[in-house]
Amino acid sequence: MTRDNLYSLGLEDHDRLNHELGGGIPRGSIVLVEGDYGAGKSAMSQRFSYGLCETGHTVTLLSTELTVSGFIDQMHSLSYDVEDHLLDERMLFLHADVDTGGGRLTAPAEDDEGNRKELLNRLMNAKAMWQADVIVIDTFDAILRNDPKFEALIRQNEERQAALEIISFFRDLVSQGQVIVLTVDPSTVDEEAIGPFRAIADVFMELQMVEVGNDVRRNISVKRFAGMGEQVGDTIGFSVRADAGIVIESRSVA
């Protein structure tokens, strides 16, 4: 695949992530990043978003955890100076208040129950967030858990039907060359609920943590990488460091 078909993650002078992932994320792909709590999903999504903006792409980052001020503070702690991208509208940051039961995208509506009703439909109808080259949702499992319609279908063992509408929506977007990045904590949702998203992901990466003595080592385990540029390894060691962000390590854990 030529580099014209890749969205470069940039920051080659800062880390080797773009190189390790073959030169970038293929255009028109769905990227699924899985990992347990503390594995580095948010840091990875922030690294993706910042690097993509640095290489001239537009990004929407929807966080179910961070407010705007918390996001800017977090990016500063990782040495990702994001303010210019926010001010120049290369990056749109949105906070989804879902775990508190509000189900809001940056602004309150009339009542909590109404906000929470069919959260995935409300998400798909938030037109402004889907205009960017790359849309990152961190974390997608929080959206799934807090959508009553999705939950009800799962209880009826209709997980495929529950996922069908949002998957169709994603496919329409990526057919136009956009990229969608979803982070998921698989321990918070049923295997049957996340299965359809694993099946359709063009790029599927699992963030792993392994204790080695007193050290916690992190790896990106690449499960699938359709349309890669240069060769992508099966396992990429990394760490998350204050004042440095994502750092690619030379070692890996078997």
Between [X] (side chain) and [Y] (backbone), is there a donor-acceptor pair under 3.5 Å?
X	Y	value
Asp147	Leu119	yes
Ser77	Gln74	yes
Lys41	Gly35	yes
Ser49	Ser45	yes
Thr58	Asp133	yes
Thr64	Thr139	yes
Trp130	Leu123	yes
Ser175	Asp172	yes

**Request:** Quick one: do Glu191 and Arg198 satisfy salt bridge (Lys or Arg N to Asp or Glu O under 4.0 Å)? Show the steps, please.
**Result:** CA-CA 10 Å; Glu191 191 78 12; Arg198 287 176 177 157; 2.4 Å; yes

**Asked** Can you tell me if CG on Asp234 sees more than 12 non-hydrogen neighbours from other groups inside 6.0 Å?
**Response** no

**Prompt:** Tyr80 vs Tyr50 aromatic rings, parallel, tilted or perpendicular, using cut-offs 30° and 60°?
**Reply:** parallel

**Prompt:** Mind checking whether Tyr7 and His57 have parallel, tilted or perpendicular rings, split at 30° and 60°?
**Reply:** tilted

**Message:** Check for me, please, whether Met209 and Val247 land in the same ILVMFWY cluster - side-chain distances under 4.5 Å, paths through other members count.
**Reply:**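 No, separate clusters.
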
**Residues forming a side-chain contact (heavy atoms from CB on, under 4.5 Å) with His19, sequence neighbours excluded** = none

**side-chain contact (heavy atoms from CB on, under 4.5 Å) partners for Val232, two or more places apart** =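 side-chain contact (heavy atoms from CB on, under 4.5 Å) check on Val232 returns Leu21, Val222, Phe225, Met228.
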
